[in-house]
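Dropping the structure in here first, questions after.
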Amino acid sequence: MTLQVGIIFGGPSVEHEISILSAMQVLHTMENGPYKPIPIYISKQLDWYCDDALFDLDNYKDLKQLCAKMKPVQLIRQRQELMIVRKKKGLLKEYINIDVVLPVIHGNMGEDGCLQGLLSMYGVPFAGSETAAAAIGQDKWLMKQILEANGIAVLKWRGITVFQDTKQWQSCFDAIGYPCIIKPAKLGSSIGIQVASSYEEACQSLQTAFQYDTHVVVEPYLKQVREYNISILGDEEKQEASVVEEVMKNDEILSYHDKYEKGSKSKGMAGLNRIVPAELTDALREQMETMAKNAFVALRLSGVCRIDFLYDGKQLYINEVNTIPGSLAYYLWEESKVPFRHLIMRLIQIAIRRTRRKDAMITTYDTNILAGNHGGVKK
């Protein structure tokens, strides 16, 4: 029996369109494969859809028109299975079984643990990191604290919240120095990130960052730095590293424009200007692989992740982790002799193995203390 894989994408994130690009790559790669892909689209208004129209990228040029043509669906758990309920004519309903879920949502409410928590409640196997790991991986503030606690190098940094007064802001900027980079703690795709060369510019950049998040990370801006990415596939038991890529950039920081708007819009991160494999010494590549795997385990990640590095010529730092990377980092794995279709199969297998492991654990006791209660509870 063919497994039906729900590909969940979209969501109320500023990375909504990037998620659509990644999902289209996954859906078309799975065509005529061993698993049947079921597209499940979440609109920016949090309506859920499941329709054949979701396979065609051209239909997303007008999102309002696309949603108007489709009927919203519901997710239910029935007979210990996840089902999509789709209304048909009159009172008729169609039930679509989902055996496993492959989340392809970037950003808030999809990559940050919200969706993972929902899927855990439904009891359906899903690829990628679990709830807590997804939440930490999306939050640069928490991620840096855990990496530091495990002896894994990150850039010197400070955290600023919207709830602090300006005196606390200034002490943070003084500790980092100028120029500095201001980043919303829980966003990706370089959205909201700015470089500031003075306290006045830093305060203006903070106001911009606070439009996206209440927590902000401040780091020194390294003028002479190279950016490298590596992908890790597996779980806490076993990890495998892809080849390393060096990312080329045009701006002070690798911008949203660099990542998604310069080249073909259908390629996403796969269309980025980069050198693959990166020209590295064996020692530096091995150090990067080791650091990436250590971070993967320390953060309790699972599935496929991309670990981003900064290298100043002397020190290697982990910049951030991406628990659901753009394009699922398939281009790194294809260079590692793992075709995209095989990567998806591996993700599904890891998800199913994790669920079987969890099902064998004790989570409840087959008792009911209320059965012996005879009205003893008082108001």
Fill in the blank from the handout: Of Ile76, Asp99, Ile96, Leu75, the one forming a side-chain contact (heavy atoms from CB on, under 4.5 Å) with Leu82 is Leu75
Practice task
Please indicate whether Glu279 has more than 12 foreign heavy atoms, meaning atoms of other residues, nucleotides or ligands, lying under 6.0 Å from its CD.
Solution key: no
Problem - Min side-chain heavy-atom separation Tyr317-Asp312 under 4.5 Å - result: yes
Handout entry: Under 3.5 Å: donor-acceptor pair, side chain of Thr131, backbone of Gly117
Key =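 Looks like yes, one N/O pair under 3.5 Å.
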Handout entry: Main-chain N/O of Val73 paired with Arg86 side-chain donor or acceptor, under 3.5 Å
Key = no
Exercise for the section: Kindly say whether Ile181 contributes a backbone atom to a donor-acceptor pair with the side chain of Glu219 at under 3.5 angstrom? Expected result: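 Absent.
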Problem - Main-chain N/O of Ala53 paired to Asn59 side chain as donor or acceptor, under 3.5 Å - result: yes
Handout entry: Any donor-acceptor pair under 3.5 Å from Tyr60 side chain to Leu54 backbone
Key =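 Confirmed, Tyr60 side chain pairs with Leu54 backbone.
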Exercise for the section: Classify the ring geometry between Tyr199 and Phe173 as parallel (under 30°), tilted (30 to 60°) or perpendicular (over 60°). Expected result: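 Answer is perpendicular, since the angle exceeds 60°.
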Handout entry: Phe126 six-ring centre to Arg354 NZ/CZ under 6.0 Å and within 45° of normal
Key =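 Because its charged atom sits under 6.0 Å from the ring centre and within 45° of the axis, Arg354 does stack over Phe126.
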Exercise for the section: Could you walk me through whether Glu94 and Lys71 pass salt bridge (charged side-chain N to carboxylate O under 4.0 Å, His left out), step by step? Expected result: CA-CA 12 Å; Glu94 179 183 8; Lys71 293 182 179 180; over 6 Å; no
Exercise for the section: Taking the side chain as every heavy atom from C-beta outward, state whether Gln145 and Trp157 have any pair of such atoms under 4.5 Å apart. Expected result: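 Sidechains of Trp157 and Gln145: in contact.
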Problem - Arg300, CZ: over 12 other non-hydrogen atoms inside 6.0 angstrom - result: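 Not buried by this count: 12 neighbours or fewer within 6.0 Å.
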Problem - Lys/Arg-Asp/Glu bridge criterion (N-O < 4.0 Å) met for Arg353, Asp235 - result: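 A salt bridge is present here (some side-chain N lies under 4.0 Å from a carboxylate O).
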Practice task
For Glu246 and Ile275, indicate whether the former's side chain and the latter's backbone hold a donor-acceptor pair under 3.5 Å.
Solution key: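 Between the backbone of Ile275 and the side chain of Glu246 there is no qualifying donor-acceptor contact (under 3.5 Å).
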Handout entry: Gln224 atom CD, neighbour heavy-atom count above 12 within 6.0 Å
Key =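 Atom CD in Gln224 is not packed in, count stays at 12 or less.
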Problem - Backbone N/O of Leu233 and side chain of Arg346: donor-acceptor pair under 3.5 Å - result: no
Practice task
Taking the side chain as every heavy atom from C-beta outward, state whether Trp141 and Thr161 have any atom pair closer than 4.5 Å.
Solution key: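 A side-chain contact under 4.5 Å exists here.
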Exercise for the section: Please indicate whether Asp359 has more than 12 foreign heavy atoms, meaning atoms of other residues, nucleotides or ligands, lying under 6.0 Å from its CG. Expected result: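 Check passes, neighbour count above 12.
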Handout entry: Beyond-backbone contact of Asn108 with Gln138, side-chain heavy atoms, under 4.5 angstrom
Key = yes
Exercise for the section: Evaluate the side-chain proximity of Glu15 to Ile324: yes if any heavy-atom separation is below 4.5 Å, no if none is. Expected result: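 They are not in contact (no side-chain heavy atoms under 4.5 Å apart), so the answer is no.
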Problem - Beyond-backbone contact of Gln4 with Lys36, side-chain heavy atoms, under 4.5 angstrom - result: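 Yes - at least one pair of side-chain heavy atoms lies under 4.5 Å apart.
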Exercise for the section: Kindly say whether Leu284 contributes a backbone atom to a donor-acceptor pair with the side chain of Thr281 at under 3.5 angstrom? Expected result: yes
Practice task
Check the hydrophobic clustering (I, L, V, M, F, W, Y; side-chain heavy atoms under 4.5 Å; chains of links allowed) and say if Ile230 and Val154 are grouped together.
Solution key: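 They do share one cluster, since a chain of ILVMFWY contacts under 4.5 Å joins Ile230 to Val154.
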Exercise for the section: Please indicate whether Glu237 has more than 12 foreign heavy atoms, meaning atoms of other residues, nucleotides or ligands, lying under 6.0 Å from its CD. Expected result: no
Problem - Phe296 side, atom CZ; Glu236 side, atom CD - distance, nearest 0.5 Å - result: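 The CD atom of Glu236 is 8.5 Å from CZ of Phe296, to the nearest 0.5 Å.
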Problem - Gln168 side chain to Asp165 backbone, donor-acceptor under 3.5 Å - result: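 Confirmed, Gln168 side chain pairs with Asp165 backbone.
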Exercise for the section: Indicate, with yes or no, if Leu301 and Leu142 share a hydrophobic cluster defined by side-chain heavy-atom contacts under 4.5 Å among Ile, Leu, Val, Met, Phe, Trp and Tyr. Expected result: yes
Handout entry: Candidate pair Asn319 and Glu227, rule side-chain contact (heavy atoms from CB on, under 4.5 Å), full reasoning
Key = CA-CA 9 Å; Asn319 187 33; Glu227 299 188 14; 5.8 Å; no
Exercise for the section: Would you check if Ile307 and Ile318 make a side-chain contact, meaning some heavy-atom pair closer than 4.5 Å? Expected result: yes
Practice task
In plain terms, say whether Asp282 and Arg285 are close enough for a salt bridge, that is, a side-chain N and a carboxylate O under 4.0 Å apart.
Solution key: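 Arg285 and Asp282: salt-bridged.
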Problem - CA sep, side-chain torsions, deciding dist, call: Tyr311, Met288, side-chain contact (heavy atoms from CB on, under 4.5 Å) - result: CA-CA 10 Å; Tyr311 182 59; Met288 206 174 299; over 6 Å; no
Completion exercise
To the nearest 0.5 Å, atom NZ of Lys156 lies from atom SG of Cys180 at 11.5 Å
Problem - Taking every non-hydrogen atom, the tightest pair across Ala134 and Ser129 - result: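 That would be N-CB, 4.0 Å.
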Handout entry: Distance-only side-chain donor-acceptor flag, Asn322 / Asp308, under 3.5 Å
Key =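 Judged by distance alone, the side chains do pair up.
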Problem - Ile8 reachable from Met83 in the ILVMFWY side-chain graph, under 4.5 Å edges - result: no
Handout entry: Backbone N/O of Ser231 and side chain of Arg306: donor-acceptor pair under 3.5 Å
Key = no
Exercise for the section: Could you check Ile7, Val5, Ile84 and say which one makes a side-chain contact (heavy atoms from CB on, under 4.5 Å) with Ile38? Expected result: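 Exactly one pass, corresponding to Ile84.
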Handout entry: CA sep, side-chain torsions, deciding dist, call: Ile42, Trp48, side-chain contact (heavy atoms from CB on, under 4.5 Å)
Key = CA-CA 5 Å; Ile42 305 176; Trp48 293 55; 3.5 Å; yes
Exercise for the section: Please find out if less than 6.0 Å separates the ring center of Phe9 from that of Tyr41. Expected result: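 Centroid separation for Phe9 and Tyr41: below 6.0 Å.
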Exercise for the section: Could you check if a side-chain atom of Leu328 sits within less than 4.5 angstrom of a side-chain atom of Leu347, using non-hydrogen atoms only? Expected result: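 Yes, close enough: below the 4.5 Å cut-off.
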